[in-house]
**Q** 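Here it is, the structure, as structure tokens.
Note that the structure is a prediction, hence the values are computed from the model and not measured.
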Amino acid sequence: SGLSVTGGGVCIYGEGADTHTWRYTANPGRATTWTIIHATGKYAGMTGKGKSATRKNNDGIKVRIRITDWVGQVEFAK
């Protein structure tokens, strides 16, 4: 089952001049929503949005792991 998380924030992926920034909003009891809000360098013009959900996975291991499944659509500039 998923975890109950509230809040939101931003994540910046990439390095140097090549980055893309995502805004996310956690929706308790529902999937987290995300949107690409900015992209630079080789990612310039990239857009996208979708949903994610985080779950626990303890299958056969001693350490608890949280796994986030991301679903959505991303388009790169032409």
Side-chain angles (χ1 to χ4, degrees):
S1 69
L3 301 174
S4 179
V5 177
T6 60
V10 296
C11 294
I12 301 171
Y13 301 96
E15 59 186 358
D18 301 318
T19 64
H20 46 99
T21 305
W22 299 28
R23 175 180 291 132
Y24 66 91
T25 303
N27 304 298
R30 301 188 330 254
T32 295
T33 55
W34 58 266
T35 304
I36 298 172
I37 59 172
H38 187 69
T40 63
K42 68 182 180 183
Y43 300 111
M46 186 170 85
T47 61
K49 63 182 178 178
K51 297 179 180 181
S52 68
T54 300
R55 57 190 165 86
K56 295 178 186 176
N57 183 356
N58 299 333
D59 296 340
I61 57 176
K62 294 180 182 179
V63 178
R64 283 195 235 182
I65 296 175
R66 293 187 320 157
I67 299 171
T68 301
D69 300 307
W70 297 84
V71 178
Q73 184 172 350
V74 174
E75 292 188 24
F76 292 89
K78 298 183 176 18

**Q** Can you tell me how far OG1 of Thr47 sits from CD1 of Ile37, rounded to the nearest 0.5 angstrom?
**A** 13.0 Å
**Q** Using a 3.5 Å distance criterion without hydrogens, assess whether the side chain of Asp69 forms a donor-acceptor pair with backbone atoms of Ser52.
**A** no
**Q** Could you check whether any side-chain heavy atom of Ile36 comes within less than 4.5 Å of a side-chain heavy atom of Val74, counting everything from C-beta outward?
**A** yes
**Q** Using the side chain to side chain contact (heavy atoms under 4.5 Å, CB included) criterion, which residues pair with Ile65? Sequence neighbours excluded.
**A** Ile61, Ile67
**Q** Are Thr40 and Thr19 linked by a side-chain donor-acceptor pair shorter than 3.5 Å?
**A** yes
**Q** Would a distance-only check, ignoring hydrogens and angles, find a side-chain to backbone donor-acceptor pair under 3.5 Å from Asn27 to Thr25?
**A** yes
**Q** Output the distance between atom NZ (Lys49) and atom CD (Glu75), rounded to the nearest 0.5 Å.
**A** 10.5 Å
**Q** Can you tell if the side chain of Tyr43 reaches within under 4.5 Å of the side chain of Phe76, non-hydrogen atoms only?
**A** yes
**Q** Atom OG1 in Thr32, atom CH2 in Trp34: separation rounded to 0.5 Å?
**A** 12.0 Å
**Q** Give the minimum heavy-atom separation between Ala44 and Ala77, together with the two atoms involved.
**A** O-CB, 3.4 Å
**Q** Going from OG1 on Thr35 to OH on Tyr24, what distance comes out if it is rounded to the nearest 0.5 angstrom?
**A** 13.0 Å
**Q** Got a second to check how far His38's NE2 is from Met46's CE, nearest 0.5 Å?
**A** 11.0 Å
**Q** Among all residues two or more places apart in sequence or in another chain, which pass the side-chain hydrogen bond (donor to acceptor under 3.5 Å, both in side chains) test with Trp22?
**A** His20
